[in-house]
2 protein chains.
Amino acid sequence: MSAYIESPSPTHNHDACRTKAIQIADRICAERGVQLTTIRRQVLELIWNSHKATKAYDLLDQMKLVQHSAKPATVYRALDFLLDQGLIHRVESLNAFIGCTCSEQKHEQLLLICLQCHEVEERPGKRVMQAVSKELSQAEFTPHHKAIEIQGICKYCTQSEPNAM
Amino acid sequence: MSAYIESPSPTHNHDACRTKAIQIADRICAERGVQLTTIRRQVLELIWNSHKATKAYDLLDQMKLVQHSAKPATVYRALDFLLDQGLIHRVESLNAFIGCTCSEQKHEQLLLICLQCHEVEERPGKRVMQAVSKELSQAEFTPHHKAIEIQGICKYCTQSEPNAM
DNA sequence: AACTGATATGTTATATTATAACAAATTAGT
DNA sequence: ACTAATTTGTTATAATATAACATATCAGTT
């Protein structure tokens, strides 16, 4: 059973993609005995509406449509939960959030952030992580959290604008 | 002439370190024909007061002591200039800023952020960068900016708390 | 030295992102 | 049903960052 969600592409079946992500989240939370409550699930679903990173206050605006009482804390608490469970990533360089495509693995990922379409691709980057580990050993540095974020232009945007400028 | 500033350590001569950084900045700005004005210089000096990442509003508070008229824009504009010139780095995961130890090279660096002493070490991490480049080629992704930030415990803090807990 | 265009700064206001603190409601386990 | 833990509601405010426009300063030219 593959629980790995494929990378975003203009042609992928995103309905299936999102559905799968939520199903995985349901199972993970059940296994761990933590509660994927209605609010938390709604926030996760909103995040999974696209592969673009979503801002907390955009989530809040959308939450308010279905839940009039939603406040910043409503969203931030849900985000904290989802981050704790590894179901989403925080994109540090954007102050925004994306669904995690590999919630089950212990994962340290590269995030490729397209400046044009704003989609974020998550990649395991095994070789990169090995090199990082080696570098950290040399530095005698004990890592707790790694954020590797590359901003640029993704392959689809490059292809669709071959003569840009 | 070595323009590379060594990594922070509890024992390094930081007065010399800061002085050198400012001298390099002076020279770089002169060479490029850009103005390291009083305000910009003051902000750079404040940032170089330590190897810890400094928050914009902490800089503002310190600026106000010597320049009563200082406002957020005062600081943010100076920061923008310093970032543009590569004289400082923004630490995305902290919303804070550190002096760049290698302003002259075209540089993509790893930032090692100690959660205990809050010092930030900048490392070239050549192997890591090679691996990243390879990964990006595979992904057909054209990079514009790379942020590689590792939070954890630095070697000095590890040494000074061998029996922590 | 005055002129001029570009650059830098002053100033006010506001947008954006995030957390603290405490009360009320809900849930899970007994 | 009882109780402790968890989750949510609510108000307030902290922390980070930018927009917009007026004024001042600087660099190069007359």
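Each chain gets a letter, A, B and so on, in the order the sequences are listed, and its residues count up from 1. Scope of the values below: all heavy atoms of this structure, side chains included, with no hydrogens, waters or symmetry mates.
A salt bridge links B:Glu135 with A:Arg123: the closest approach of a Lys/Arg side-chain nitrogen to an acidic carboxylate oxygen falls below 4.0 angstrom.
Between C:dT9, C:dG10, C:dA18, one nucleotide has an atom nearer to the side chain of B:Thr74 than all others, and that is C:dG10. Closest to the A:Arg40 side chain, of the nucleotides D:dA17, C:dT9, D:dT7, is D:dT7. Proximity note for B:Lys71 (side chain, C-beta onward) versus D:dT7, C:dT12, C:dA8: the nearest is C:dT12. Proximity note for B:Ala56 (side chain, C-beta onward) versus C:dT11, D:dA17, D:dT10: the nearest is D:dA17.
In this structure, A:Leu36 places its CG atom 15 Å from C1' of C:dT27, rounding to the nearest Å. We find that CG of B:Leu94 is positioned 11 Å from P of D:dA17, with the value rounded to whole Å. As rounded to whole Å, 14 Å separates atom C1' of C:dT17 from atom CG of A:Leu83. B:Glu92 places its CD atom 9 Å from the P atom of D:dA17, with the value rounded to the nearest Å. Distance B:Leu59 CG to D:dA15 C1': 14 Å, rounded to the nearest Å. Taking atom CZ on A:Arg77 and atom P on C:dT19, their separation rounds to 12 Å, with Å as the unit. Atom pair A:Asp58:CG and C:dT17:C1' shows a separation of 11 Å (rounding to whole Å applied). Between the CG atom of B:Asp80 and the P atom of C:dT7 there is a distance of 16 Å, given to the nearest Å.
Contact check, B:Tyr76 against D:dA17: a side-chain N or O comes under 4.0 Å of OP1 or OP2. At least one side-chain nitrogen or oxygen of A:Arg90 sits closer than 4.0 Å to the OP1 or OP2 atom of C:dA18. Between D:dT6 and A:Gln35, no contact under 4.0 Å exists linking OP1 or OP2 to a side-chain N or O. For D:dT8, the OP1/OP2 oxygens have no side-chain nitrogen or oxygen of A:Ser69 closer than 4.0 Å. Contact between the side-chain N/O atoms of B:Gln67 and the OP1/OP2 oxygens of C:dG10 is found at a separation under 4.0 Å. Residue A:Lys55 places at least one side-chain N or O closer than 4.0 Å to OP1 or OP2 of C:dT17.
At least one side-chain heavy atom of B:Met63 sits under 4.5 Å from a side-chain heavy atom of B:Ile39. You'll find the side chain of A:Asn95 reaches within 4.5 Å of the side chain of B:Asn95, heavy atoms only.
Residue B:Ile39 is the one, among A:Pro72 and B:Ile39, whose nearest nucleotide of DNA chain C lies closer to the 5' end (criterion: closest heavy atom).
Here B:Tyr57 counts as stacked on D:dT16: its ring centre is under 5.5 angstrom from the base ring centre and the planes meet at under 30°.
Checked by atom type and distance alone, the side chain of B:Arg40 pairs as donor or acceptor with a backbone atom of B:Gln35 at under 3.5 Å.
Judged purely by distance below 3.5 Å, without hydrogens or angles, the side chains of A:His14 and A:His51 pair a donor atom with an acceptor atom.
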